[in-house]
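This is a predicted model, so every value here is computed, not measured.
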Amino acid sequence: MYDTATKVTVEAVVTEFEWRNPHSWLHIMVKDESGTEYEWTLESNSTGQLTQSGWSQASVQPGDAITVVLNPLRDGTRGGRLEEIRHPDGRTFSRQGGGAYDPRTGELYTR
């Protein structure tokens, strides 16, 4: 379903973060080269797995401008598997391993 050999990085604005099981979902608006906005839907891990990596329901909020790293859908539609989000202040949340890092304090977020 996902092209796991490819990572795409996009600038986006969060429209919704569904913190749920069995999978969480991030909905974002992404502008193409002409400035047209499109909604993308990204699948992520369960709340338990994300919590173990330092995420919480408040890690990303509607209206947040973020950088997103994802594995795109193989069929080319707008969406994919969420790998990482980066906030402008440097906070980074990864889907797997390593936890979430806050460069302001030099610490990993904890559960």
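The structure places CZ of R81 at 4.5 Å from CG of N71, a figure rounded to the nearest 0.5 Å. In this structure, S44 OG and W19 CH2 are separated by 8.5 Å, a value rounded to the nearest 0.5 Å.
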Exercise for review: Could you please spell out the steps behind the side-chain contact (heavy atoms from CB on, under 4.5 Å) verdict for K7 and L70?
Suggested key: CA-CA 5 Å; K7 288 190 179 182; L70 61 104; over 6 Å; no
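At least one side-chain heavy atom of V68 sits less than 4.5 Å from a side-chain heavy atom of L42. At a threshold of 4.5 Å between non-hydrogen side-chain atoms, the residues S24 and N45 do not count as touching. Taking the side chain as every heavy atom from C-beta outward, V10 and V8 approach each other to under 4.5 Å. Counting heavy atoms from C-beta outward, E43 and W25 have side chains that approach closer than 4.5 Å. Taking 4.5 Å as the limit, every side-chain heavy atom of P62 sits out of range of all side-chain heavy atoms of T15. Between H87 and T92, every side-chain heavy-atom pair lies at or beyond the 4.5 Å cut-off. In this structure the side chain of V13 never reaches within 4.5 angstrom of the side chain of I28, judged on heavy atoms.
Closest heavy-atom contact between V30 and E11: CG1-O, 3.9 Å. G54 and S59 get closest at one heavy-atom pair: O-OG, 4.5 Å. Residues E84 and R86 approach most closely at OE2-NE, 2.6 Å, considering heavy atoms.
By the 6.0 Å contact criterion, CZ on R74 is enclosed, its count of non-hydrogen atoms from other residues, nucleotides or ligands being greater than 12.
Scanning for side chain to side chain contact (heavy atoms under 4.5 Å, CB included) contacts around R78 gives Y38, W40, with sequence neighbours left out. The side chain to side chain contact (heavy atoms under 4.5 Å, CB included) test applied to E37 returns M29, K31, not counting sequence neighbours.
In this structure, the side chain of D64 does not engage the main chain of I66 through any donor-acceptor pair within 3.5 Å. Of the possible polar contacts, none joining the Q52 side chain to the Q49 backbone as a donor-acceptor pair under 3.5 Å is found.
A donor atom on one side chain and an acceptor atom on the other are found under 3.5 Å apart for N21 and T47. No side-chain donor-acceptor contact under 3.5 Å links E18 and H23. With no hydrogens or angles considered, a side-chain donor-acceptor pair links T41 and H27 at under 3.5 Å.
A salt bridge links R95 with E83: the closest approach of a Lys/Arg side-chain nitrogen to an acidic carboxylate oxygen falls below 4.0 angstrom.
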